[in-house]
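After the structure tokens below, expect a handful of questions from me.
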Amino acid sequence: MSCRIGVLASGRGSNLQSIIDNVESGFIPAEIVVVISDKPRVFALERAQKHGIEGLYVNPKDFGKREDFDARLVEELRARKVDLVLLAGYMRLITPGFVKAFKDRIMNIHPALLPNFPGLHGQRDALDYGVKISGCTVHFVDDDVDHGPIIVQAAVPVLEDDDEASLSKRILGQEHRIYPLAVKWFCEGKLKVRGRRVEVKGETAGILPSAPRG
Ligand code: GRF
């Protein structure tokens, strides 16, 4: 049975594109059945259209409360029998009802090595703090922001002359590597959540680029 993926995006959708490419190449055994955006006319929706994927804009202003908006999203995702929800540059906070409806089936990618530098400016905050290594994190979504169990991380160096743009670009290169990998593992049934820890069956999981075993 192929895995049915729904993607939530609010912007340019380069992570969406990396998932699309890896589905089309057969690396991820899945089908992207819908891309939902909370913003009209974003590039993520264009990417979906270009690849024959249904794109849906849902206007948050049509709903009184965040919970009601999320309930609609859950309804749309369930109607399409979505197994896995991917947040890909989705700029809204998910409410507990949504998390519960797709428990351990919502992933997010964050441009820092969590638990360091959560929030909207992971790259800038890492730079300002002066760390020598940063990176990105794919994690399951729970009720707290950028907090759920970590599936995979990749590290990149922070160079002397980096600014926010150059560091973001280096991190993004790794995002496009590890998000598809995490999704592939999920779709192959390899991920098991045990409390805060995510077990990846039969893989050298955890840190990328690959760390030595033992
Ligand atoms: C990425 O940096 C991702 O880590 C963060 O939002 C950005 C989205 O970029 N959550 P894109 O829309 O996937 O290009």
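Ligands are counted one by one from 1 in listed order, and the atoms in each one are counted from 1 as well. Position 1 is the first residue of the sequence, and the numbers go up from there. What you are looking at is a predicted structure, and each value in this text was computed from that prediction instead of being measured.
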May I ask you to check if ligand 1 and L16 share an N or O to N or O distance below 3.5 Å?
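In this structure, L16 places no N or O atom under 3.5 Å from an N or O of ligand 1.
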Checking the N or O distance criterion of under 3.5 Å, is ligand 1 in contact with G13?
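Such a contact does occur with ligand 1.
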Measuring from R80:CZ to I5:CD1, what's the distance to the nearest 0.5 Å?
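Output value for this atom pair is 15.0 Å.
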Do ligand 1 and R12 have nitrogen or oxygen atoms that lie under 3.5 Å from each other?
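So ligand 1 has an N or O lying under 3.5 Å from an N or O of R12.
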Could you pull out all residues at least two apart from E24 that satisfy side chain to side chain contact (heavy atoms under 4.5 Å, CB included)?
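E24: side chain to side chain contact (heavy atoms under 4.5 Å, CB included) contacts with I20, H51.
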For S14, is at least one N or O under 3.5 Å away from an N or O on ligand 1?
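Indeed, backbone or side chain, S14 has an N or O that close.
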For atom 10 (N) of ligand 1, which candidate among N108, I109, L87, I171 holds the nearest heavy atom?
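Ranked by closest heavy atom to atom 10 (N) of ligand 1, first place is I109.
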Can you see whether S166 engages D163 through a side-chain donor-acceptor pair at a distance of less than 3.5 angstrom?
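Yes, side-chain donor-acceptor contact under 3.5 Å.
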Nearest non-hydrogen protein atom, atom 1 (C) of ligand 1
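Nearest protein contact, heavy atoms only, for atom 1 (C) of ligand 1 is E175 OE1, 3.2 Å.
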Does a sphere of radius 6.0 Å around OH in Y129 hold more than 12 heavy atoms from other residues, nucleotides or ligands, not counting ones at 6.0 Å or beyond?
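No, because the 6.0 Å sphere around OH of Y129 holds 12 heavy atoms or fewer from other groups.
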Starting from atom 6 (O) of ligand 1, which protein heavy atom do you reach first, and at what distance in Å?
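For this ligand atom, the closest protein heavy atom is G89 CA, 3.7 Å.
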Strictly by modelled atom types, are Q153 and T137 linked by a side-chain donor-acceptor pair under 3.5 Å?
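Yes, because at least one side-chain N or O of Q153 sits under 3.5 Å from a partner of the opposite role on T137.
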Using the side-chain hydrogen bond (donor to acceptor under 3.5 Å, both in side chains) criterion, which residues pair with D38? Sequence neighbours excluded.
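Residues passing side-chain hydrogen bond (donor to acceptor under 3.5 Å, both in side chains) with D38: S10.
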